[in-house]
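Throughout, a chain's letter reflects where its sequence line sits, starting with A, and its residues are numbered from 1. Keep in mind the model is a prediction, meaning the values are calculated, not measured.
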Number of protein chains: 2
Amino acid sequence: MNTFEEKTLKRETIFDGKIITLHVDEVELPNGKTSKREIVKHPGAVAIIMITDEDKLVLVEQYRKPLERSLFEIPAGKMENGESPETTAKRELEEETGYTCEKLNPIASFYTSPGFSDELVHLFKAENILKVENPKTEEDEFLRLHEVTFEQALTLIDEQKIYDAKTVYAIQYWKIQRALRK
Amino acid sequence: MNTFEEKTLKRETIFDGKIITLHVDEVELPNGKTSKREIVKHPGAVAIIMITDEDKLVLVEQYRKPLERSLFEIPAGKMENGESPETTAKRELEEETGYTCEKLNPIASFYTSPGFSDELVHLFKAENILKVENPKTEEDEFLRLHEVTFEQALTLIDEQKIYDAKTVYAIQYWKIQRALRK
């Protein structure tokens with residue numbers, strides 16, 4: 001898998017934050033020239049497709065500072081040190097939605113922006129879901145829960161309220177599952 | 001769309017690079033507390049689903065420094081100053097694949113990582129494609145072209161050679177289109 005490998009000549013760490021780390025690497029290209037690469041390291045994240053017994057998708061509305069607006073997204077969260085994706089998924093599901101589930105089926109994994117970041121998202125489907133009596137919620141997290149039908153989800157895409165990769169992917173996945181059921 | 005808006009109290013620009021800019025914003029949360037947000041600004045990108053007359057998908061294999069490995073991806077590229085997404089798409093298509101097309105159909109747009117970045121990807125499908133005689137290619141870009149069947153694309157996903165959001169989305173889109181044709 002090392003086609004056109006770029007050898008690191010020098011790494012400069014510009015920023016080491018709470019969520020991301022920024023490096024600028026000087027690299028040697030396959031033709032011997034040098035270039036720079038701006039690299040955002042990220043711990044990775046999980047996201048959960050959860051469909052209720054009423055055939056509704058659970059979405060979380062939250063403000064996204066990089067966009068200066070709020071989005072409707074499937075529940076998600078970044079992985080804490082050493083956590084498995086499944087552990088993160090169960091924790092985030094309870095914190096953000098008050099639901100838990102008996103099983104998490106892996107649906108897909110993907111790098112979100114391989115040109116400048118190593119963020120990898122693991123997408124699961126929650127099976128056999130149930131409400132938690134006194135869910136642990138996270139302080140200072142401002143969320144509004146929504147449960148939407150398939151048709152409502154399509155409208156939210158048209159309105160650009162659903163507008164991020166993992167959620168758009170999830171709706172497409174739901175579309176295929178619904179078609180297969182018929 | 002301003003649910004749970006976070007007011008910017010202070011912005012510090014940490015890095016202003018060739019591709020990304022990194023800000024750290026101090027924000028006021030809806031409960032009056034303050035917090036920090038790490039924000040990666042990106043000019044946005046386009047990606048193109050191109051299927052040949054032989055029903056094969058055109059993929060570009062390239063090294064991705066943030067991952068220290070190469071991936072197979074649909075043709076893509078970031079938007080240059082003031083370009084429309086369609087202009088970027090036509091330019092990147094020719095530079096990366098040597099193809100052009102008569103029409104670009106918008107398929108989907110999505111933010112790749114709304115938690116920390118404003119990168120927005122516009123996904124098009126190229127229609128009525130044709131080979132360019134002497135395509136303009138970009139210097140210092142190291143790519144290998146592949147044209148793969150649907151079954152080969154699924155194998156590439158299993159092998160984690162196709163492993164990024166836009167390409168995984170594109171394969172799912174292709175799956176639905178194939179099912180609708182039947």
Side-chain angles (χ1 to χ4, degrees), chain A residues 1-6 14-15 17-20 22 24-25 27 29-31 33 35-42 45 61-67 69-71 73 78 108-119 121 140 142-144 161 163-166 168-169 172-173 175-176 179, chain B residues 1-6 14-15 17-20 22 24-25 27 29-31 33 35-42 45 61-67 69-71 73 78 108-119 121 140 142-144 161 163-166 168-169 172-173 175-176 179:
Chain A
M1 296 300 297
N2 283 326
T3 318
F4 306 127
E5 185 169 356
E6 299 175 350
I14 307 288
F15 177 75
K18 269 192 311 179
I19 295 169
I20 60 171
L22 172 63
V24 176
D25 285 5
V27 300
L29 301 177
N31 63 1
K33 292 190 190 179
S35 188
K36 299 239 175 168
R37 296 284 177 257
E38 300 164 4
I39 298 168
V40 174
K41 303 292 269 187
H42 184 283
E61 182 184 1
Q62 63 184 317
Y63 193 75
R64 292 306 203 173
K65 189 64 186 167
L67 319 179
R69 55 167 290 199
S70 51
L71 290 182
E73 300 170 47
K78 70 172 200 299
S109 295
F110 42 74
Y111 290 103
T112 53
S113 295
F116 70 91
S117 171
D118 71 343
E119 185 196 26
V121 171
D140 292 345
F142 301 92
L143 307 170
R144 186 171 295 155
K161 289 177 183 170
Y163 206 8
D164 78 295
K166 64 184 179 304
V168 170
Y169 185 94
Q172 227 192 20
Y173 172 85
K175 183 176 179 178
I176 295 173
Chain B
M1 295 298 296
N2 283 327
T3 318
F4 307 127
E5 186 170 356
E6 299 175 350
I14 307 287
F15 176 77
K18 270 192 310 181
I19 296 170
I20 60 171
L22 172 63
V24 176
D25 284 5
V27 301
L29 302 178
N31 63 2
K33 291 190 190 179
S35 188
K36 299 238 174 167
R37 297 283 177 257
E38 300 164 3
I39 297 168
V40 174
K41 303 292 269 187
H42 184 283
E61 183 184 0
Q62 63 185 317
Y63 193 75
R64 292 305 203 175
K65 189 65 186 169
L67 319 178
R69 55 166 290 198
S70 51
L71 289 182
E73 299 169 47
K78 69 172 199 300
S109 296
F110 42 74
Y111 291 103
T112 52
S113 295
F116 71 91
S117 172
D118 71 344
E119 185 196 26
V121 171
D140 293 344
F142 301 93
L143 306 169
R144 185 170 296 154
K161 290 176 182 171
Y163 207 8
D164 79 294
K166 65 184 177 303
V168 169
Y169 185 93
Q172 227 192 18
Y173 172 84
K175 183 176 178 176
I176 294 173

Spacing of CZ belonging to Phe110(A) relative to CG belonging to Leu71(B), to within rounding of 0.5 Å | 13.5 Å
With respect to chain A, which residue among Glu119(B), Lys175(B), Glu5(B), Lys166(B) yields the maximal number of heavy-atom pairs within a distance under 4.5 Å?
-> Glu5(B)
Shortest non-hydrogen contact from Pro66(B) toward Lys41(A) = O-NZ, 4.0 Å
Please walk me through it: do His42(A) and Ser117(B) pass side-chain contact (heavy atoms from CB on, under 4.5 Å)?
-> CA-CA 11 Å; His42(A) 184 283; Ser117(B) 172; over 6 Å; no
Val168(A) and Ser109(B): which non-hydrogen atoms are nearest, and at how many Å?
-> CG2-O, 4.4 Å
List the atom of Asp118(B), the atom of Leu67(A), and the distance in Å for their closest heavy-atom pair.
-> CA-CD2, 3.6 Å
Note: Ser35(B) and Lys18(A) closest approach over all heavy atoms is OG-NZ, 4.0 Å
Okay, Asp25(A) and chain B: the region with an atom under 4.5 Å from a heavy atom over there is side chain
Is the closest side-chain heavy-atom distance between Arg64(B) and Tyr111(A) below 4.5 Å?
-> no
Counting only N and O atoms by type, is there a donor-acceptor contact under 3.5 Å from the side chain of Glu6(B) to the main-chain atoms of Lys65(A)?
-> no
side-chain contact (heavy atoms from CB on, under 4.5 Å) evaluation trace for Leu22(B) with Ile14(A) | CA-CA 10 Å; Leu22(B) 172 63; Ile14(A) 307 288; 5.6 Å; no
Tell me, for Val121(B) versus chain A, whether the close heavy atoms (under 4.5 Å) come from the side chain, the backbone, both or neither.
-> neither
How far does CD1 of Ile19(A) sit from CZ of Phe116(B), to the nearest 0.5 angstrom?
-> 9.0 Å
Do Phe4(B) and Arg144(A) touch side chain to side chain, with heavy atoms closer than 4.5 Å?
-> yes
Euclidean distance, Tyr173(A) OH relative to Gln172(B) CD, rounded to 0.5 Å = 9.0 Å
Engaged part of Ile176(A) at the chain B interface, taking heavy atoms whose separation is under 4.5 Å = side chain
Based on non-hydrogen pairs under 4.5 Å, which of Ala45(B), Pro30(B), Gly17(B) is most in contact with chain A?
-> Pro30(B)
When rounded to the nearest 0.5 angstrom, what is the spacing between OG1 in Thr3(B) and CZ in Arg69(A)?
-> 10.0 Å
